[in-house]
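Notes follow the structure.
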Amino acid sequence: MNFWLFKSEPDVFSILDLKKSKNQTTCWDGVRNYQARNFLRDSIKKGDGVLFYHSNSDPLAVVGICEVVEEGYPDFTAWEKDNEHFDPASTPGKPVWYMVDIRLKEIFNNPVTLAALKAEPKLNDMKLLQRGNRLSVMPVAKNEWDLIIKMGA
DNA sequence: GCCAACGTTGGC
DNA sequence: GCCAACGTTGGC
């Protein structure tokens, strides 16, 4: 079992939107970055844990946790012409982009803010905190996961 | 709104 | 294959 962090802009899709979704489950569509795509397609497995992070918002924070309920499959929004994430390079026969499904497990009582993450020396190596990092899907170490879960509870 | 950092594109 | 130009991300 592995752990991940997914970023989402709450103006676009927040953890409350996830809570309101059918079965509190959503497909994580729209990722159009190859490194993140590779994680979605190859590495993220059913049962893995996901930290749900709100970016470009106030507060910036890990706001809850989710579980992967469906492993990588083609992101069909890429071949919907009217979709904001349409990409003519991707076709049903030869998909370029992938997504997974996640289900809400818990909304933190105490969202773990970016400032709090930065203030914790044990989290110095977190990918999220590394300079210039712009990945929207990234791995999280088990010790980081365990600590953040405690901080958020 | 600014801007640093980074990914992608496309001419050569 | 190089690299300048451009677009995007995302914290501040």
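Bear in mind the structure is a predicted one, so any value in this text is a computation, not a measurement. Quick note on labels: first sequence line is chain A, next is B, and so on, each numbered from 1. Just so it is clear, the values below take in all heavy atoms, side chains as well, and ignore hydrogens, waters and symmetry mates.
Axis angle, first five pairs versus last five pairs of the helix from B:dG1-C:dC12 to B:dC12-C:dG1: 10°, rounded to 10°.
In this model, a donor atom of one side chain and an acceptor atom of the other lie less than 3.5 Å apart for A:Tyr73 and A:Asp101. In this model, a donor atom of one side chain and an acceptor atom of the other lie less than 3.5 Å apart for A:Arg32 and A:Thr77.
Each side chain to side chain donor-acceptor pair (under 3.5 Å) pair with one or both residues in residues 143-153 of chain A, not counting sequence neighbours, appears once here: A:Lys142-A:Asp146.
In this structure, the side chains of A:Val63 and A:Ile107 stay at 4.5 Å or more apart for every pair of heavy atoms. In this structure, A:Leu114 and A:Leu129 have side chains that are in contact, with non-hydrogen atoms separated by less than 4.5 Å.
Heavy-atom minimum distance, A:Leu51 versus A:Ile65: CD2-CG2, 3.8 Å.
Nucleotides of DNA chain C that come within less than 4.0 Å of any heavy atom of chain A span, from the 5' end to the 3' end, C:dG7 to C:dC12.
Side-chain rings of A:Tyr34 and A:Trp97 approach one another, their centers coming within less than 6.0 Å.
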